[in-house]
S.K.: 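Provided herewith is a single structure, encoded as structure tokens, for subsequent inquiry.
Numbers here are sequence positions counted from 1. Just so you know, ligand 1 is whichever comes first in the structure, and atom 1 is the first atom listed for that ligand.
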Amino acid sequence: MSDQLLTIEWKNNKLVLLDQTVLPNEIIYKEYDSAESVWEAIRTMVVRGAPAIGVTAAYGLYLGIKDAPESSFEDFRKTLKEKSELLATSRPTAVNLFWALERMENIAETNKGLPVAALKETLLKEAKAIHKEDEEINRKIGENLLSLLEDGMGILTHCNAGSLATTKYGTATAPIYLAKERGWNFKVYSDETRPRLQGSTLTALELQKAGIDVTIITDSMAGVVMSQNKIDAIIVGADRVAANGDVANKVGTLGVSILAKYYNIPFYVAVPTPTIDLKTKSGKDIPIEERDPEEVINLFGKWTALKDSKVYNPAFDITPAENITAIVTEKGIVRAPYRENLLKIFNDFY
Ligand code: MRU
């Protein structure tokens, strides 16, 4: 992964984000120094993917409080809450956003005895810790997933749960990068992923740059490749896993899971534990983002339907737990019954 594109960097007390909206045609890095500009970057998908959104929000919250008055903790807490609430409205589905903001707020509460200037430094350290942990987590997810795979397999993925959606390795792509380090060869199929094309513009880009064999297909071709025995395993990421094992991920994941069941192909979901939300009981309770209709009917500045067409554009769907062979985390491989076994992962490790 030597010439990996860096998604997020903390540089000269500013946040630097790779602008994912212009990939693969342009490589542009943008600098951010306020919570408001970070909010805009998440909302417009300059940065996207659940873990990357979480890391970005943590830095965004620090940027929001770095110039806050230092006279009292109570005044500081007011600014912290205000900026956290703002960042929380950037996107609704990926729980990592809320997880990271909550973790930052909790650190402030735990350290409220510190002078505010020192507390600000503590919050920056926490954001950096969240950033660093993400890389370690992904490597472990990759190792756990690799134990379920074999050299030479055909793997289908949907959307981008790759290094661009995280700090390094990605979640769904982590075993693919680790396999490459071992000298294994997978044949990867990447769904294009309408409407924002994360599969072709991001997943295929990063895998190709790493010298991995990747083939792009349109979303409607997933059934064909499965019927032709080209796929031995499906690996996707997640934006939120509910307590019962239902998974919210990029729209189209549900269809892939149904096809996988029909063709009897293992369907794995790769998730860092911060993506597991035990407070959300089932998929029905996960808020699904609906995005601008233009994403569906305006492609690269050209209308592909009448401008005033009726459009439905949910950005995510819910894959029911029963379609999932295993949820693979950094703490281990979780199988049904998910309600019991997801809880166990938390009880055993926290
Ligand atoms: O709308 P996006 O691009 O933020 O959606 C991203 C996904 O659905 C990913 O699969 C998910 O966040 C997991 S990223 C490791």
Side-chain angles (χ1 to χ4, degrees), residues 7-8 17-23 41-57 90-100 133-135 137-142 145 156-177 190-207 219 234-241 247-257 267-277 283 286-292 295-296 313-319 324 327-330:
T7 312
I8 302 166
L17 298 175
L18 172 66
D19 184 353
Q20 301 196 27
T21 64
V22 295
L23 292 174
I42 298 174
R43 196 185 66 83
T44 57
M45 293 171 71
V46 165
V47 64
R48 26 67 51 210
I53 291 172
V55 173
T56 302
S90 54
R91 290 191 78 187
T93 305
V95 75
N96 306 56
L97 169 71
F98 310 101
W99 169 85
E133 282 164 25
D134 183 58
E135 177 177 335
I137 286 175
N138 296 338
R139 200 172 161 99
K140 287 195 188 124
I141 291 175
L145 261 162
L156 176 76
T157 190
H158 186 75
C159 191
N160 175 257
S163 117
L164 288 166
T166 64
T167 303
K168 199 172 175 184
Y169 298 112
T171 58
T173 56
I176 299 169
Y177 287 119
S190 177
D191 278 348
E192 180 187 42
T193 316
R194 284 271 289 138
R196 291 294 294 249
L197 309 182
Q198 289 94 331
S200 54
T201 63
L202 308 177
T203 305
L205 166 72
E206 64 168 80
L207 295 182
D219 301 352
I234 289 140
I235 313 175
V236 296
D239 288 83
R240 195 185 293 223
V241 178
V247 164
N249 191 47
K250 180 54 54 197
V251 69
T253 305
L254 167 64
V256 174
S257 78
F267 184 93
Y268 300 121
V269 185
V271 282
T273 45
T275 304
I276 301 170
D277 177 15
I286 300 178
I288 299 292
E289 177 182 17
E290 268 190 53
R291 294 188 63 89
D292 191 335
E295 288 187 342
V296 176
N313 186 18
F316 302 95
D317 59 25
I318 304 292
T319 297
I324 299 168
I327 296 175
V328 182
T329 75
E330 76 276 18

S.K.: Out of curiosity, is T253 lining ligand 1, as in a heavy atom under 4.0 Å away?
M.R.: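 Contact absent.
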S.K.: To check your reading of the model: name the closest protein heavy atom to atom 10 (O) of ligand 1, its residue, and the distance in Å.
M.R.: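 The closest one turns out to be N249 OD1, 2.6 Å.
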S.K.: For atom 6 (C) of ligand 1, which candidate among E289, M45, R48 holds the nearest heavy atom?
M.R.: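 Minimum heavy-atom distance to atom 6 (C) of ligand 1 goes to R48.
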S.K.: Does ligand 1 have an atom that lies less than 4.0 angstrom from a heavy atom of G170?
M.R.: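 Outside the 4.0 Å threshold, so no.
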S.K.: Kindly indicate whether the side chain of R48, heavy atoms from C-beta on, has any atom under 4.5 Å from the side chain of K250.
M.R.: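 No. Closest side-chain heavy atoms not under 4.5 Å.
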S.K.: Applying side chain to side chain donor-acceptor pair (under 3.5 Å), run through D191 and T193 and close with a yes or a no.
M.R.: CA-CA 5 Å; D191 278 348; T193 316; 5.7 Å; no
S.K.: Check whether any side-chain heavy atom of V236 lies under 4.5 Å from a side-chain heavy atom of C159, and answer yes or no.
M.R.: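 No - every pair of side-chain heavy atoms lies 4.5 Å or more apart.
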S.K.: I'd like to know if R194 and D219 make a salt bridge, using a cut-off of under 4.0 Å between side-chain N and carboxylate O.
M.R.: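 Between D219 and R194 there is no salt bridge, as every charged N stays at least 4.0 Å from the carboxylate O atoms.
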S.K.: Looking only at protein heavy atoms, which one is nearest to atom 7 (C) of ligand 1, and how far off is it?
M.R.: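 Here the nearest protein heavy atom works out to D239 OD1, 3.3 Å.
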S.K.: How far is atom 5 (O) of ligand 1 from its nearest protein heavy atom, and which residue and atom name does that atom have?
M.R.: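 Here the closest protein heavy atom is K250 CE, 3.3 Å.
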S.K.: Below 4.0 Å, non-hydrogen atoms only: which portion of V236 touches ligand 1? Side chain, backbone, both or neither.
M.R.: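 Neither; no heavy atom under 4.0 Å.
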S.K.: Counting only heavy atoms, which portion of A238 has something under 4.0 Å from ligand 1: side chain, backbone, both, or neither?
M.R.: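 Backbone only.
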S.K.: Which residue and non-hydrogen atom of the protein lie closest to atom 15 (C) of ligand 1, and at what distance in Å?
M.R.: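 Here the closest protein heavy atom is T171 OG1, 3.2 Å.
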S.K.: Nearest protein heavy-atom contact for atom 4 (O) of ligand 1: which residue, which atom, what distance?
M.R.: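 Its nearest protein heavy-atom neighbour is R91 NH1, 2.8 Å.
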S.K.: Mind checking whether A50 contacts ligand 1 via backbone (N, CA, C, O), side chain (CB onward), both or neither, at a 4.0 Å heavy-atom cut-off?
M.R.: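 It is both parts that get close, each with some atom under 4.0 Å.
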S.K.: List every atom of ligand 1 that sits less than 4.0 Å from any heavy atom of A165, numbering the atoms from 1 in the order shown and giving each element.
M.R.: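 Those qualifying, in numeric order: 14 (S).
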S.K.: Heavy-atom contact check, 4.0 Å cutoff: does C159 meet ligand 1?
M.R.: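 Contact present.
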